[in-house]
Protein chains: 2
Amino acid sequence: METTREHELREAGLRVTRPRLAVLGVLADHPHADADTIVTAAREQHPSLSPQAVYGVLKAFVGAGIARRIEPAGAPALFELRVGDNHHHLVCRSCGAIADVDCVVGASPCLKPSDAAGFVVDEAEVVFWGMCRDCQVEAAAESVQIEERHLNEEHDMIEEHDIREGARA
Amino acid sequence: METTREHELREAGLRVTRPRLAVLGVLADHPHADADTIVTAAREQHPSLSPQAVYGVLKAFVGAGIARRIEPAGAPALFELRVGDNHHHLVCRSCGAIADVDCVVGASPCLKPSDAAGFVVDEAEVVFWGMCRDCQVEAAAESVQIEERHLNEEHDMIEEHDIREGARA
DNA sequence: GCCCTTTTCTTGACCAGTTCAAGAAAGGGG
DNA sequence: CCCCTTTCTTGAACTGGTCAAGAAAAGGGC
């Protein structure tokens, strides 16, 4: 019995239900999963699970403070169980992969705006944009190919674009 | 003649068109406008302007480097002309107001992740979440009203649970 | 253990923001 | 001024996500 997870839910003031346990399990396995990934993965344990149920569960988790929602620009929302430590994220521009980064300064709020313009700031969210190791390798390989293509010239193009494996989760 | 703005467009390698000049004007007036605001405002100068044209223009601007797109979680994308200085943003949780903040450390990339996990980072985006002055005032006024209501009322239970302030940072 | 109330899940419609596609119109170099 | 290219208009479509109503199931009291 997943008493541990049941406990986590109860601790958070949430009823223990199959969909919630399933989603919790998926989040434990996929530290930065989007709703769709969660639906798909959670259906292994609970086939009838609906997307709306997942949205509801996720909203409950976020509301109860056991999950955090992150929304990198241009990507669907991602959810993670690591909460309360104000860590930040590295996002790969080409494949969307996400990695955690500990808070730069340590404590939260980790950053203070130089001039808060009258705002009361309660969170500083940092997103580091860049390219993950895999995509760097791929990009390097591709640029080599382009070079070769130029050398060989007048041969038909090898369409390698759209490789984009979903290494998001 | 808006030679200045025409020049800005040409400088950026863009053709000068009426929709573009209109959008450029709106962005100059509204430093953090969303697509819808831009459409509405730009129609004062160019009534037949379509939303799709605006999306196209904005994409062109961003591509040409004369505008920047920001996407605060849970809000439509906003566009600003201030580019190239890697400044950051304060976002009001209750009304969505946005204010610019100069880069905390000065130069861009202003922050270096403690451990980049193999990523090559090219930008550090910081969003400060909080409450703007207006909303603070409003919230204060509202809490006073609630307090009065409690005092006047015949001692209904003062439900204080679920306060759970989002002190996530 | 069973009932009852409340919460949650299922099913299905709907919405906002944005993108895609095809043809018409406008920019601007020659 | 013409022609080619880019851009805009019009209209449809798509994605990620929300809303609403009824069915199901959680779990406290008996």
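Labels below follow one simple rule: chain letters A, B, ... track the order of the sequence lines, proteins then strands, and each chain is numbered from 1.
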Peer 1: Would you please confirm or rule out a distance under 4.0 Å between OP1 or OP2 of D/dT9 and any side-chain N or O of B/His46?
Peer 2: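 For B/His46, the contact criterion (side-chain N or O under 4.0 Å from OP1 or OP2 of D/dT9) is met.
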
Peer 1: Looking at B/Ala12 and B/Ile66, what are the two nearest heavy atoms and their distance?
Peer 2: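 Nearest heavy atoms, B/Ala12 then B/Ile66: CB-CG2, 3.5 Å.
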
Peer 1: For D/dC8, take OP1 and OP2 only and decide whether either is under 4.0 Å from a side-chain N or O of B/Arg20.
Peer 2: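 B/Arg20 to D/dC8 OP1/OP2: side-chain N or O found under 4.0 Å.
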
Peer 1: Using the 3.5 Å cut-off, write out each protein N or O paired with an N or O of nucleotides 18-23 of chain D and the distance between them.
Peer 2:
| unit_1 | atom_1 | unit_2 | atom_2 | d |
| --- | --- | --- | --- | --- |
| D/dT18 | O4 | A/Gln52 | NE2 | 3.4 |

Peer 1: For A/Arg43 and C/dC9, give me the distance from atom CZ to atom P, rounded to whole Å.
Peer 2: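 Nearest whole value for this atom pair: 14 Å.
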
Peer 1: Let me have the donor-acceptor pairs involving side chains of residues 49-62 of chain B, under 3.5 Å, with sequence neighbours excluded, atom names and distances please.
Peer 2:
| unit_1 | atom_1 | unit_2 | atom_2 | d |
| --- | --- | --- | --- | --- |
| B/Ser50 | OG | B/Ala53 | N | 3.1 |

Peer 1: Restricting to side chain to side chain donor-acceptor pair (under 3.5 Å), what partner residues turn up for B/Glu125, sequence neighbours left out?
Peer 2: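 For B/Glu125, the residues satisfying side chain to side chain donor-acceptor pair (under 3.5 Å) (neighbours in sequence not counted) are A/Trp129.
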
Peer 1: Listed by chain and number, what are the side chain to side chain donor-acceptor pair (under 3.5 Å) partners of A/Arg133, not counting sequence neighbours?
Peer 2: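 Applying side chain to side chain donor-acceptor pair (under 3.5 Å) to A/Arg133 gives none.
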
Peer 1: Can you measure A/Leu9 atom CG to C/dC9 atom C1' for me and round it to whole angstrom units?
Peer 2: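 It works out to 15 Å between those atoms.
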
Peer 1: Listed by chain and number, what are the salt bridge (Lys or Arg N to Asp or Glu O under 4.0 Å) partners of A/Glu71, not counting sequence neighbours?
Peer 2: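 Applying salt bridge (Lys or Arg N to Asp or Glu O under 4.0 Å) to A/Glu71 gives A/Arg69.
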
Peer 1: Holding to side chain to side chain contact (heavy atoms under 4.5 Å, CB included), I want the full list of residues that pass it with B/Glu138, two or more places apart in sequence or in another chain.
Peer 2: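 Side chain to side chain contact (heavy atoms under 4.5 Å, CB included) list for B/Glu138, sorted by chain: empty.
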
Peer 1: For B/Ile38 and C/dT18, give me the distance from atom CD1 to atom C1', rounded to whole Å.
Peer 2: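 It is 13 Å, rounded to the nearest whole Å.
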
Peer 1: Only pairs under 3.5 Å count here: list side-chain donor-acceptor contacts from residues 24-41 of chain B, not counting sequence neighbours, and write none if there are none.
Peer 2:
| unit_1 | atom_1 | unit_2 | atom_2 | d |
| --- | --- | --- | --- | --- |
| B/His32 | NE2 | B/Glu80 | OE1 | 3.1 |
| B/His32 | NE2 | B/Asp100 | OD1 | 2.7 |
| B/Asp34 | OD1 | B/Asp36 | N | 3.3 |
| B/Asp34 | OD1 | B/Thr37 | N | 2.7 |
| B/Asp34 | OD1 | B/Thr37 | OG1 | 2.6 |
| B/Thr40 | OG1 | B/Asp36 | O | 3.0 |

Peer 1: Could you write out each protein N or O paired with an N or O of nucleotides 26-29 of chain C at a distance under 3.5 Å?
Peer 2:
| unit_1 | atom_1 | unit_2 | atom_2 | d |
| --- | --- | --- | --- | --- |
| C/dG27 | N2 | B/Arg15 | NH2 | 3.4 |
| C/dG27 | N3 | B/Arg15 | NH1 | 3.3 |
| C/dG28 | OP1 | B/Arg10 | NH1 | 3.2 |
| C/dG28 | OP1 | B/Val16 | N | 3.0 |

Peer 1: Does C/dT10 have OP1 or OP2 under 4.0 Å away from a side-chain N or O of A/Ser48?
Peer 2: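 For A/Ser48, the contact criterion (side-chain N or O under 4.0 Å from OP1 or OP2 of C/dT10) is met.
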
Peer 1: Which hydrophobic side chains are connected to B/Met131, either touching it within the sub-4.5 Å cutoff or through other members that do?
Peer 2: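 Its cluster mates, by chain and number: none.
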
Peer 1: Rounded to 10°, tell me the angle between the two end axes of the helix from C/dG1-D/dC30 to C/dG30-D/dC1, each built from five pairs.
Peer 2: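 Axis angle across the helix from C/dG1-D/dC30 to C/dG30-D/dC1, nearest 10°: 30°.
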
Peer 1: Return the nearest nucleotide to the side chain of B/Leu49; candidates are C/dT10, C/dC9, D/dT9.
Peer 2: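 It is D/dT9.
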
Peer 1: Over all strands shown, is B/Ala60 touching base, sugar-phosphate only, or nothing at heavy-atom distances under 4.0 angstrom?
Peer 2: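 The answer is nothing, as B/Ala60 stays clear of every strand by at least 4.0 Å.
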
Peer 1: Side chain to side chain donor-acceptor pair (under 3.5 Å) with A/His46: which residues, sequence neighbours excluded?
Peer 2: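 Per chain and number, A/His46 pairs via side chain to side chain donor-acceptor pair (under 3.5 Å) with A/Ser48.
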
Peer 1: If I take atom CD1 from residue A/Ile70 and atom CG from residue A/Leu78, how far apart are they, to the nearest 0.5 angstrom?
Peer 2: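 Here the interatomic distance stands at 5.0 Å.
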
Peer 1: To the nearest angstrom, how far is B/Asp36 atom CG from C/dA16 atom C1'?
Peer 2: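 My rounded result for the distance is 10 Å.
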
Peer 1: Could you name each residue pair satisfying salt bridge (Lys or Arg N to Asp or Glu O under 4.0 Å) that touches residues 37-58 of chain A, not counting sequence neighbours?
Peer 2: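 Output for this query is empty, none listed.
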
